[in-house]
Amino acid sequence: MEKQQSDLERDRQYCELCGKMENLLKCGRCRSSFYCSKEHQKQHWKKHKLICKEADKAQLPKHKPGQAPLSGDNKAPETPREISSEQGDSAASPQPAHGDPGDKQGEDEPATPNGQTSQSPQKLATEYIVPCMNKHGICVVDNFLGADTGLGILENVKALHKTGKFTDGQLVSQKSDSTKDIRGDKITWIEGRESGCEKIRFLMSRMDDLVRHCNGKLGNYTINGRTKAMVACYPGNGTGYVRHVDNPNGDGRCVTCIYYLNKDWTAKEHGGLLRIFPEGKAQFADIEPKFDRLLLFWSDRRNPHEVQPAYATRYAITVWYFDADERARAKEKYLTGAGEKGVKVELGKPSDPS
């Protein structure tokens, strides 16, 4: 039963109304739909009550011949039962959907998906990332490497930033004099073997481990390489990145993988949300760039996204993974130079943190 509940939670990751993916509350009646607030539950009730009715019926004991019909079995309630935590049907504190650092769970509550170091990359990949990506095209993993390793990576990035090697972010396949109006980040590209980047290299190897275990199961892709790591910093002066698509023209990138490094980040105070607008859906997904959080999503036109203005220094490391066939077609179509920033790198072998 706990396995079924855990699988269900993994599949339902958005507020039914607005698409927010964090601090979700569960419908106290059907216990299978999530909302970010009571207000959004009430606004969505006209649509949700039909589904809620069927889900509620499925949970009731089967009616035996000769017994009176169970009350409420043939009529949806006029108002929603308040959203709740796993422990009860009355309203309670938000139930995290992704296992944020410091989240508290009930003893009998199934664990939320997370990437804590105690969980093997293979299990995380096959039991959570693959089904989540194939259903939603977006996947969030919290506590990916643990606080100590995350702090080591952050130290590498801050030291790298101090060297002055970061340059203005550029636009792919677009020449424009107004780049700063479109994206306001400073970036540098890291292979992983550079001095002082040992922890970044370990992060890249762990990303590779996950993707290797996912390979052949993510859509119809065959992933055979990736870009270097793009280390990005928004300086906190209110700059962001307007709505865009990572791979609009079939350059081979199929999965965008982002690791965030921002301690004590709150969107209300610091801004900097990554807002994704999944194709064909009226809702959007807001992702806070929280420390030790890993985000994966399809790189193509299915996931237009933007970085909202950031008012504190915001660090992230992004790697793009290539589909073999699309990358080969792109190379035939475009003569790619040796200095291309998106140069393919073979998936790294597993390694231990140094």
Side-chain angles (χ1 to χ4, degrees), residues 13-15 17-22 36 97-98 129 132-142 144 168-174 176 178-187 207 211 218-219 221 226-227 229-234 236 238-262 265-268 270-290 293-312 314-323 326 341-342:
Q13 297 185 48
Y14 305 125
C15 169
L17 184 68
C18 71
K20 186 176 180 181
M21 301 175 74
E22 298 161 353
C36 65
H98 301 291
I129 293 176
C132 187
M133 284 291 288
N134 286 334
K135 179 161 187 175
H136 301 295
I138 305 169
C139 185
V140 177
V141 181
D142 276 335
F144 178 51
D168 290 341
Q170 301 298 311
L171 302 178
V172 178
S173 303
Q174 182 176 345
S176 172
S178 58
T179 300
K180 290 184 179 180
D181 295 331
I182 297 174
R183 62 183 294 182
D185 55 341
K186 304 282 186 177
I187 67 169
M207 288 178 171
V211 172
L218 290 174
Y221 295 124
R226 58 162 168 77
T227 64
M230 186 188 79
V231 184
C233 170
Y234 288 87
T239 56
Y241 195 158
V242 301
R243 184 167 171 167
H244 66 283
V245 172
D246 284 352
N247 175 18
N249 300 313
D251 63 20
R253 291 178 291 170
C254 60
V255 175
T256 300
C257 191
I258 307 176
Y259 182 72
Y260 292 112
L261 288 157
N262 309 295
W265 191 277
T266 58
K268 186 175 181 180
H270 304 122
L273 284 171
L274 180 74
R275 175 165 289 180
I276 304 178
F277 304 86
E279 183 183 48
K281 296 183 180 180
Q283 61 196 25
F284 52 80
D286 281 342
I287 315 294
E288 288 193 50
K290 291 184 176 180
R293 167 170 285 175
L294 185 72
L295 168 67
L296 303 93
F297 57 89
W298 302 134
S299 304
D300 59 18
R301 294 177 184 272
R302 285 173 288 182
N303 284 317
H305 55 282
E306 66 187 22
V307 177
Q308 297 186 344
Y311 299 99
R314 179 189 189 275
Y315 290 115
I317 299 176
T318 304
V319 168
W320 288 271
Y321 287 89
F322 289 121
D323 172 63
E326 184 180 312
K341 288 187 173 65

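In terms of modelled atom types and a separation under 3.5 Å, the side chain of Asn262 and the main chain of Tyr315 share a donor-acceptor contact. Although no hydrogens or angles enter the test, the distance criterion places a donor-acceptor pair under 3.5 Å between the side chain of Arg314 and the main chain of Gly272. Distance alone, capped at 3.5 Å, places no donor-acceptor pair between the Asp323 side chain and the Gly252 backbone.
Put simply, the side chain of Phe297 does not reach to within 4.5 Å of the side chain of Ile287, judged on heavy atoms. At least one side-chain heavy atom of Trp298 sits under 4.5 Å from a side-chain heavy atom of Leu218. Taking 4.5 Å as the limit, some side-chain heavy atom of Asp142 sits within range of a side-chain heavy atom of Arg293. Residues Ile276 and Pro304 fail the side-chain proximity criterion, which asks for heavy atoms closer than 4.5 Å. Inter-residue side-chain proximity for Glu288 and Leu273 is flagged as met; some heavy-atom pair is nearer than 4.5 Å. Within the 4.5 Å cutoff, the side chain of Arg243 has no heavy atoms near those of the His305 side chain. Residues Cys257 and Leu294 have side chains in contact (heavy-atom distance under 4.5 Å, counting atoms from C-beta outward). Put simply, the side chain of Met207 reaches to within 4.5 Å of the side chain of Tyr321, judged on heavy atoms.
Remark: Phe277 engages no residue in a ring-ring contact (aromatic ring centres under 6.0 Å, His included) (not counting sequence neighbours). By the side-chain hydrogen bond (donor to acceptor under 3.5 Å, both in side chains) test, Thr256 pairs with Asp246, Ser299, Trp320, sequence neighbours left out.
Between Pro309 and Gly238, the shortest heavy-atom contact is CB-O, 3.2 Å. Of all non-hydrogen atoms in Ile258 and Ala316, the two that sit nearest each other are CG2-CB, 4.0 Å. Closest approach of Tyr234 to Thr239, counting heavy atoms only: CD2-O, 3.8 Å. Nearest approach of Gly137 to Asn303, heavy atoms of both residues: O-ND2, 3.2 Å. Across all their heavy atoms, Asp185 and Ala232 have their closest contact at OD2-CB, 4.0 Å. Closest non-hydrogen pair, Arg253 versus Asn247, comes out as O-ND2, 2.8 Å.
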Next item on the list: Show your working on side-chain contact (heavy atoms from CB on, under 4.5 Å) between Met230 and Ile317 and close with a plain yes or no.
Entry: CA-CA 6 Å; Met230 186 188 79; Ile317 299 176; over 6 Å; no
Item checked: Verdict with reasoning, Leu295 to Ile138, per side-chain contact (heavy atoms from CB on, under 4.5 Å) -> CA-CA 7 Å; Leu295 168 67; Ile138 305 169; 3.9 Å; yes
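Rounding to the nearest 0.5 angstrom, the gap separating the CE atom in Met133 from the OH atom in Tyr221 is 8.5 Å. Taken to the nearest 0.5 Å, the OH atom of Tyr260 stands 7.0 Å off from the OG1 atom of Thr318. Put simply, CD1 on Ile182 and CD on Glu306 are 13.5 Å apart, with the number rounded to the nearest 0.5 Å.
Between Trp265 and His270, the ring planes lie tilted relative to each other; the angle falls in the 30° to 60° range.
Phe284 carries Arg275 over the face of its six-membered ring, with the cationic atom under 6.0 Å from the centre and within 45° of the normal.
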